[in-house]
Structures are given as structure tokens and as C-alpha cells.
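Report on the following structure.
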Amino acid sequence: MSSPTLLRTEVLAGLVVALALIPEAISFSIIAGVDPRVGLFASFTMAVSIAFLGGRPAMISAATGAVALVIAPVMRDHGLDYLIATVILAGIFQVLLAVAGVARLMRFIPRSVMVGFVNALAILIFLAQVPYMVDVPWIVYPMIVAGLAIMVLLPRITSVVPAPLVAIVVLTGVTVAASLTLPDVGDEGDLPESLPSLFFPDVPLNLETLRIIAPYALAVALVGLMESLMTAKLVDDITDTHSNKSREAWGQGAANVITGFFGGMGGCAMIGQTMINVKASGARTRLSTFLAGVFLLALVVGAGDLVAIIPMAALVAVMIIVAVSTFDWHSIQPGTLRRMPKSETTVMVATVAVVVATHNLAIGVVVGVVVAMVMFARRVAHFTQVIDVAHPDEDTRVYKVVGELFFASSNDLVYQFDYVGDPKNIVIDLSDSHIWDASTVAALDAIENKYRSKGKTVEIQGLNEASRQRHGRLAGHLGGEH
């Protein structure tokens, strides 16, 4: 860290990210139904903890919309103590998942599920803003439009100062100068006046508490890990460097446990703020992440009165821009939809639909992965063919099976042979095939049994080594006639 230029880049990046984090942390607190200080403290402790513990330098972790959306029902139904207990348990789950190697499982999430996840997140962030645009003074609408205009037009003129910050300052200035009476951040709850202190959630330590918080904690853990590992992969691509995904996974868990014990609402890696840090500001080290947290706390504790008068219209405008920029617009362009296989689009739409319906990103991703697997199994199953290739003599017929043999394709295999019309000796050539599971061995057993019942013999040839071992171990031991 010796170079002064590098140091300046990291410090400025940290400051810009801190300023961009404040409105989002407050907005996400409101989505979760908690005081702004709960989101702000979470953003401080997450950023500072992950700067030391994380596996991806320069990535920003803080209170996020994804976690806020998952955890909101706990706050609504059970209150803050249960919410904090959920965050701590989610962190423990993340550490356990990291030790179990969950980072390696990321490769099983197809791209179409990732796109659906991101699009659903964008839709939920937008939907969370709708209450602030209903039953409000009419002046709120032009204020939101003005905020959006600043954030769209300013980057075309200059990128020295972040556009969201300018929008917030301008709209707050107009509100104060014109003495407008608008819903503001102060209306949403008290801002912190002191540093975060240790907080032990007052919940009974019994199975009933676990039953209430465990499903939400697991959802937070999965959503947090997915978003963090997806963001880490994105930063790897931008910086052409490799990161330690397992360390990132347990680092997120440890950071959430720390955040919970300091009264924060938990969080994960933030795609938007990480892009500001890495892409817009050029930061590359852990220092920018650490300073983002420190600057954030200094600003809200030192200038809380100023933050309290920010009109909600400004934050709504910021979050609409976050939602619009998070959404993958390319994925729904007519050209993309025409080129993309129907199955991929189905997976993406299924993921989005389930997330928006359940407001749970984890359920959406699981459903998306299951749909993708079913689609894949169906597609691969159609590739298996049985071809009548030779009749060496009048008593012999040779069949060749081409394609991958697994549960989806082998079920149809039994019906591809002419058990009555075939001669005495049947040869099944599997040299262009592969046996993947017990279902296939059971299907081959059934074929042999059907021929045997007609007084005919079957010889299976051409098995590769792995298929031969699997067939040899299971053939005749699976019971029944399939």
C-alpha cells in the first residue's frame, strides 16, 4: 500500500461507496421494517468485518435488499429480537455451509437461474418502493422524477461525484429551501447518535424459537451466499484475478454473526456498491471496503441530523435506479428471446415468477434449478436411440444403443425392442453409450428377462470400463422385472 496514488484511489473509493451506502442502508432498513440505525449499523459491521475476513478484496458487503426482503416477515410477526437472532443463526449456517463446500456447488446454478435471480431481485426492490408513492403529497412525484433525471443525466456530464449523492443533496436542498412538508428519513425512525454496542437478542433459547427463526435464517444464509459468490465471480471477471470463494463464504457467515451481536440486520455482498468501488472508482484492495464502513459510521453518527431531513422521494428515486440497473434488460429483448432455447427462457421466467410470488429469493433459485434439471433431463433423454444395425445370420440380430443412459432415457429403452419377432440370439451393442445409474441397469435386466421369457438369449457388448463396472455390480441384484 506504499504508492500514494493507490492510497488516494482506495480512500476516495471508500468515501464514495460510504455515501452511496447510506441511502440504500436506510431504504433496506425500511423494507425490513426496522429503524434506519439497524441497517446502518449492519452496513458498518459487515463492511469492516468482511474487509478482514472475506475472500474477495475490494468487494463491498453491507445491508442488502435481498436479505431485507427475506427477513422482513420475522420483524413484522415477531419483532427485533427475533430478527437479530435470525441474523446470527444465518451467519452460523453460512459458516457451516462454507465448511461443507457450498462454494463448489455454485457451478450447479445455471446461467438462466442467475439471470432470473437478478431480475427478480430488481422487481422486488422496485415493488418495495411502491408504498412510498401511494397516499403521499402530490409534490413527491415531481421530486422523484427530478431525482431520476439527475441520476440519468449527470453521469453523461461528469462522473467525479456519484449521481445518487447529487440527487439526494439537491432534493434535500430544495425541500429545505422551499420549506416543503414531505415524508423524510426522520419519519422512518431514529438515526444513531452513538457507536453500535453489543446486543444480545432477548429470545427464549428453546426449540420453539428455533422453529420460528430457522427457515428464515436458512433462506438468509442461502440468498446471502448466492449473491456474495455471484458478485465475487463478477469482480473476478472485471479485475482478471481469482478469489477464494470458500473463504468468502465463511467470511460472510462470520460477518453476519458479528453484525447480529452489534444489533445489525445482516447482509451480504452488494452488486451495485461493489461496481461503484471496483468499476467506477478503480479500487482493488481491502482498504476501500474497510474505509467504506468507517466513513459510513462517521457520517451518520456525526451528521445524523442532516441525514434525517433527506426526503423519502430522493431515496425512492435512488432505489428505482438501483432496480433498473440491476435488471438484466438484455435477457428480455426480442432478439435474445428468439435465439435463446425455450427451456432456458422457461427456467428464467419460473425463477422470477416464484421469487415475486413468494418474496423469497432462495425458494425461487431452488425452483429454477429444479426446472433447469428437469428440462435438461428431458432434452438429453431424447438423444437416446436404438438402431437395428446387423443380422449376421438368421438366428442373430444386433442392436446398437446410441446416447446417454440414465433414469430419464432408460425408462423408454424397454419398449424399443421386438421381443416377439426377434430371432433366438440378441446382441445389444453399447459402445456408443454410457450407463450412468441403477435405473439403466434395471432397464437392461428387464430387457434380458423379457427375451428370456420368450426363450431367447441376450448378450450385452461394448461397455466402457465405468459402465461395465456399474453393470457388473448391479445387474441381477435390483429385483423385479422393472
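Model, not experiment: these values are computed from the prediction.
Partners of Asp437 by salt bridge (Lys or Arg N to Asp or Glu O under 4.0 Å), not counting sequence neighbours: none found. With sequence neighbours left out, the salt bridge (Lys or Arg N to Asp or Glu O under 4.0 Å) criterion links Arg468 to Glu465. In this structure, the salt bridge (Lys or Arg N to Asp or Glu O under 4.0 Å) partners of Asp388, at least two apart in sequence or on a different chain, are Arg397. Residues meeting the side-chain hydrogen bond (donor to acceptor under 3.5 Å, both in side chains) test with Asp395, sequence neighbours left out: none. Remark: Gln416 engages no residue in a side-chain hydrogen bond (donor to acceptor under 3.5 Å, both in side chains) (not counting sequence neighbours). Residues meeting the side-chain contact (heavy atoms from CB on, under 4.5 Å) test with Leu430, sequence neighbours left out: Val401, Leu405, Ile428, Ser433, Ile435, Leu444, Ile460, Leu463. The side-chain hydrogen bond (donor to acceptor under 3.5 Å, both in side chains) test applied to Ser431 returns Lys400, Asp429, not counting sequence neighbours. By the side-chain hydrogen bond (donor to acceptor under 3.5 Å, both in side chains) test, Thr289 is found to be paired with no residue, residues two or more places apart in sequence or in another chain being considered.
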Report, one line per pair, each donor and acceptor closer than 3.5 Å where one atom sits in a side chain of residues 338-351; sequence neighbours left out.
| unit_1 | atom_1 | unit_2 | atom_2 | d |
| --- | --- | --- | --- | --- |
| Ser343 | OG | Arg379 | NH1 | 2.9 |
| Thr346 | OG1 | Lys342 | O | 2.7 |
| Thr351 | OG1 | Val347 | O | 2.8 |

Which donor-acceptor pairs under 3.5 Å do side chains of residues 96-104 form with protein atoms, sequence neighbours excluded?
none

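Residue pairs meeting the side chain to side chain donor-acceptor pair (under 3.5 Å) criterion with at least one partner in residues 214-235, sequence neighbours excluded, are Ser228-Gln252. Screening residues 197-211 for side chain to side chain donor-acceptor pair (under 3.5 Å) gives Asn206-Thr209, Glu208-Arg211 as the qualifying pairs, with residues at least two apart or on separate chains.
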